[in-house]
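Residue numbers start from 1 in every chain, and the chains themselves are labelled A, B, ... in the order their sequence lines are given, proteins ahead of strands. Values reported hereafter were calculated over all heavy atoms of this structure, with side chains retained and with hydrogens, waters and symmetry mates removed.
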Amino acid sequence: GENVEQHPSTLSVQEGDSAVIKCTYSDSASNYFPWYKQELGKGPQLIIDIRSNVGEKKDQRIAVTLNKTAKHFSLHITETQPEDSAVYFCAAGVNSGYSTLTFGKGTMLLVSP
Amino acid sequence: GAGVSQSPSNKVTEKGKDVELRCDPISGHTALYWYRQSLGQGLEFLIYFQGNSAPDKSGLPSDRFSAERTGGSVSTLTIQRTQQEDSAVYLCASSIGLGETQYFGPGTRLLVL
């Protein structure tokens, strides 16, 4: 089955800096890669996703890149703000028919003012 | 519109008791998923439904766990004879179809004493 590795497990940055979280996956059939943000006491919220037909996607301060050859994808947050502090999860799945998502173990991002 | 809702939000039970966790998906979403999140860990996939059917139950941790979905809407996850290791946050997600973006509920925090 799919295996998703996520690094780092914790990340501390100063407000205004950029943050990068990286994930690798094992199943070459995976073609859908969402990122979720989970705040304390809440369920994960989708922040951005990418499908394998594109290499990069941006949404304001958030961008995701995908390298299918190397089987890795990354989340980039620019101009970080204290409210970006949360746990971020990457996931990989197959966007057709039977589909589950395999999640990474999460990255706790702390943005200090 | 309304998101995924789960009830109860918190549940404390004694070892050996049965518990039922409920998930109300987003209206019109045909696919429904259950995950378990242990403290500080990633999301562990348990089971998914397409309509009322659960084709693959292999993600359920033991035969004490069962799930059903009726009317293509509400789903119930039942844990019989609860054990302390069942303590976790149980998350439900739904998507408009299999392989589409999953939207999560706030979770049920289960504590087995």
B:Gln84 versus B:Asp86, side-chain donor and acceptor atoms under 3.5 Å: no

Sole residue of B:Ile79, B:Thr108, B:Val12, B:Val112 in side-chain contact (heavy atoms from CB on, under 4.5 Å) with B:Val19: B:Ile79

Contact class of B:Gln6 relative to chain A, heavy atoms under 4.5 angstrom: neither

Toward chain B, the part of A:Pro34 with a non-hydrogen atom under 4.5 Å: neither

Check: B:Ser94/B:Gln102 side-chain N/O donor and acceptor closer than 3.5 Å: no

Interchain contact, B:Leu91 with chain A, by part (heavy-atom threshold 4.5 Å): side chain

B:Ser75 side chain vs B:Cys23 backbone, donor-acceptor pair below 3.5 Å: no

Chain A contact via B:Ser9 - side chain, backbone, both or neither, heavy atoms under 4.5 Å: neither

Side-chain H-bond candidate by donor/acceptor type, A:Thr102 with A:Tyr25, under 3.5 Å: no

Interface moiety of A:Gln38 toward chain B, non-hydrogen atoms closer than 4.5 Å: side chain

